[in-house]
Number of protein chains: 2
Amino acid sequence: MSTNDTELSRHSRDESCHPSADPSIVCFPENREDIERILQTARQQRVPVTTFGAGSGLEGGSIPVSGGIVLNTERMKQIIDFSPEDFTVTVAPGVTRKELNHFINKHGLMFPIDPGADASIGGMVSTNASGTTAVRYGSMRDQILDLEVVLADGRVIHTGSRAKKSSSGYNLNGLLAGSEGTLGIVSEITLQLHGIPEHTVSARCTFPTPKACAEAARLVLLHDIPVMRMELVDAVSVCEVNRFGDYHFPEKHSLFLEFAGERKAVVHQAGLVEELMADAGCGDWETAEDSKERALLWKARHELSYAYRHTVGKEVLGGDVCVPISHLPDLIDYSRELAERAGMKAGIFGHVGDGNFHTLIVYDPKISEEQEAAEQILEKLTIRAIEVGGTCTGEHGVGIGKRKFQKKEHGPALEVMKEMKGLLDPEGLLNPGKIFE
Amino acid sequence: MSTNDTELSRHSRDESCHPSADPSIVCFPENREDIERILQTARQQRVPVTTFGAGSGLEGGSIPVSGGIVLNTERMKQIIDFSPEDFTVTVAPGVTRKELNHFINKHGLMFPIDPGADASIGGMVSTNASGTTAVRYGSMRDQILDLEVVLADGRVIHTGSRAKKSSSGYNLNGLLAGSEGTLGIVSEITLQLHGIPEHTVSARCTFPTPKACAEAARLVLLHDIPVMRMELVDAVSVCEVNRFGDYHFPEKHSLFLEFAGERKAVVHQAGLVEELMADAGCGDWETAEDSKERALLWKARHELSYAYRHTVGKEVLGGDVCVPISHLPDLIDYSRELAERAGMKAGIFGHVGDGNFHTLIVYDPKISEEQEAAEQILEKLTIRAIEVGGTCTGEHGVGIGKRKFQKKEHGPALEVMKEMKGLLDPEGLLNPGKIFE
């Protein structure tokens, strides 16, 4: 454990611009028994415990807003069990997704969930993370077979089994996934893995408007083509990427696609989509089969969020709505309209195959009107998303930033969620101040 | 509502051989308000409410073991919202899966979950049903975007939204799905739909042992071939099917497969699997592309359970274990060995792509030793399944039959489940006597 100022400060924030808050102490458990001991102390001293993974969160979920203990999982890196014949692996929560893939890729297997950042698996469970491949594999929740969880009162439970499906008991896997460390602390995660596809083809093309990109993405879905990734990156964001990484993508509203699977099927799919996109009026269609070239393309996409966040003297506020796909084109249009009307610089990009997109508003933190305007844009956008049957967060989690939308989105179900929190953590020790206001 | 003896008797049992129990009254709500009123009466009179769908359950989940009210959803047949452009539909719980498909198929969409029986969608939610297509589409839980649920205390909540994914609040969709009407009564279900594949090819082949069938199925999974269905039917069961339906399948241990998708891809997949099966030593490989012939093949597979259940003077006891795929061949072997050692007739068949299989033991209900022997076989099999990391029920639910395995399978998590039941239904009005002993 550490009470060193540098450590306290490192654990006071995440990648968002939510206000930081120092913990009193940072603990580095190495195994489940350590977690149990930390929780025991927390109960005795009545101090809160906030779990911290890789610190790559975007909604302040791991900021210790009430101080107390931060439980950092970075020393919990064990691969506890690996069963390639079952396509399953059991890991400790501190293993990052890249570390996991490094370990399993040589066996022909992969863990596909890819939120961009090299997040810890525990952190990804806590926010129900997803990212560019969710259009094919679903979100984090869909990969979880079992969690070992230490509850606030010290009980240790397993939420599932190693079976691929089950109708036994209540489904606690899904409940714990996405609960942001407010219901228990995850000490072990058993995941479903997937085979590495034989062949991959990447493609990109451009459209006159972001709305046209979203409509083209819908066409692909309607034709039931099993894309691996399908990302919208608007012109402003392409400029950011080019500037940040010295790329030379055409600075227009773009769709980035990936097809993966058996070689013949993939080439055929890419051909079908090329035709569909041409019919939809795309320009600049380019494909890449070479793995270096492909990696470059997705590296660029992943750097996007960092490109925005690392503009000197500027901060960004981000939206993460997810809506039924038929509402996506209009909502993207609305997002752009709100930013233009307020005279703010905004980038729009995201996982259009899922109806999930991010709006990043760039503002000057020294000008309070700019921050307010950015907040208002995202608030209006989020409310509209909920009104059309969508959600305030497709993948980042609620944390601090989306608490104010919980009542509107969940209605009376929010009371049930609070009752569950009360049941499993009656003293409010686990990550207080998150999800609920 | 009705207190007619015939109605009481019809609602006293399901398709299993669990002991029947008459309710005091059967109610037929037509909408959510009716459900609310029935629950209000139940609270006032302190009588239990057991929900009843199509009566096709296999673990006694809808048997009103404590009497009281049976709430039959057969008059709740509304298609409340259909959004083909979003691939979603919202239905009342009494709509059956065939009725739903009849409605949506003409729009090029399908609801793939296929447990064999023409179950109600509400019933399928309650048990987290799955069936032959789970290897491709997952189970019922994976199709649910939102549920409207009337809670025991009268509150009405929505558990999700119409977005394809969400990280907002706690995941109540997954918790309610599979809770067998013990946590609330579902009044509306919003489902994810899927496109009807362009082309379908069915295939079957035979192997010398059931274990060899399971090993061949594992090969298909290891090659990451996206089969639509992959079913084991052992020789005893093929005989039953032939006898029951006047079919002429080779009376050997068989794998039944289906491939579906874009035409070229499907033909290619079927060719790949034919090679794999030949390498694994299969015989009698046959394919069917003609839709009539295919329908016949799957009709035969679906009649299997009925074939066993409708043997004059005999009853059947069924197992429904699901295990990590590497343990499947041995467990199937163990199942056969247990039946042979006891001198009982047993059929083994199931969804081997998920590690889920059914063992049906045929016994004479007039000979108590036979029933005891059948129960012992299934108990040993289920315990072994849990010990190798599997589950006591892959798709039928706990109901009455699997209660005794809950402690072994869930350990201390069972207490958490009971606490959740206590939270949402403190007076135990909703389907008492199910899941928990």
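- The closest side-chain heavy-atom distance from A/Ser167 to B/Lys402 is not below 4.5 Å.
- Atom CD of A/Glu198 and atom NE2 of B/His223 lie 10.0 Å apart (nearest 0.5 Å).
- Counting heavy atoms from C-beta on, the side chains of A/Met420 and B/Leu172 come closer than 4.5 Å.
- Ranked by heavy-atom pairs shorter than 4.5 Å toward chain B, the options A/Glu262, A/Arg403, A/His351, A/Lys264 are led by A/Glu262.
- Neither the backbone nor the side chain of B/Leu145 comes within contact range of chain A, judged by heavy atoms closer than 4.5 Å.
- Proximity to chain B is limited to the side chain of A/Phe87, based on heavy atoms less than 4.5 angstrom apart.
- For the atom pair CD1 (A/Ile157) and CE (B/Met417), the distance works out to 7.5 Å, reported to the nearest 0.5 Å.
- For the atom pair A/Arg162 CZ and B/Thr391 OG1, the distance stands at 13.5 Å (nearest 0.5 Å).
- A distance-only check finds a donor-acceptor pair linking the side chain of A/Asn128 to the backbone of B/Ser166 [under 3.5 Å].
- Looking at B/Asp354, the atoms closer than 4.5 Å to chain A (heavy atoms on both sides) sit in the backbone and in the side chain alike.
- Between the CD1 atom in B/Ile386 and the OG atom in A/Ser161 there is a gap of 9.0 Å [rounded to 0.5 Å].
- Of the residues considered (A/Gly160, A/Gly169, A/Ser139, A/Gly390), A/Gly169 shows the highest number of contacts with chain B, using heavy-atom pairs under 4.5 Å.
- Of the possible donor and acceptor atoms, one in the side chain of A/Asp86 sits under 3.5 Å from a partner among the backbone N and O of B/Ser326.
- In this structure the side chain of B/Tyr170 never reaches within 4.5 angstrom of the side chain of A/Val416, judged on heavy atoms.
- Around the NE2 atom of A/His194, the shell of radius 6.0 Å holds more than 12 heavy atoms that belong to other residues, nucleotides or ligands.
- Contact of B/Asp320 with chain A is not made at all, since no heavy-atom distance falls under 4.5 Å.
- No other option in A/Gly178, A/Gly397, A/Ala134, A/Ala265 has as many heavy-atom pairs under 4.5 Å with chain B as A/Gly397.
- With chain A as the partner, the residue from B/Ala413, B/Gly138, B/Ser179, B/Pro84 showing the most heavy-atom pairs under 4.5 Å is B/Ala413.
- Within the 4.5 angstrom heavy-atom criterion, only side-chain atoms of A/Glu180, from C-beta onward, approach chain B.
- In this structure, chain A has a heavy atom under 4.5 Å from the side chain of B/Phe436, while its backbone stays farther away.
- With A/Thr393 contributing its side chain and B/Ser168 its backbone, the two residues share no donor-acceptor pair below 3.5 Å.
- Residue contact with chain B, scored on non-hydrogen atoms closer than 4.5 Å, involves the backbone and the side chain of A/Asn171 alike.
- In terms of modelled atom types and a separation under 3.5 Å, the side chain of A/Lys164 and the main chain of B/Gly353 share a donor-acceptor contact.
- For A/Leu328, no part lies near chain B; criterion is any non-hydrogen pair under 4.5 Å.
- Comparing B/His327, B/Arg141, B/His396, B/Glu409 by heavy-atom pairs within less than 4.5 Å of chain A, the highest count is held by B/Arg141.
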Intermediate values then yes/no, salt bridge (Lys or Arg N to Asp or Glu O under 4.0 Å), B/Arg218 and A/Glu85: CA-CA 8 Å; B/Arg218 270 193 60 211; A/Glu85 64 274 28; 5.8 Å; no

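- Looking at B/Lys165 and A/Glu395, their side chains come closer than 4.5 Å, going by heavy atoms from C-beta outward.
- The 12-atom threshold is exceeded at NE2 of A/His268, counting heavy atoms of other residues, nucleotides or ligands nearer than 6.0 Å.
- For B/Val321, no part lies near chain A; criterion is any non-hydrogen pair under 4.5 Å.
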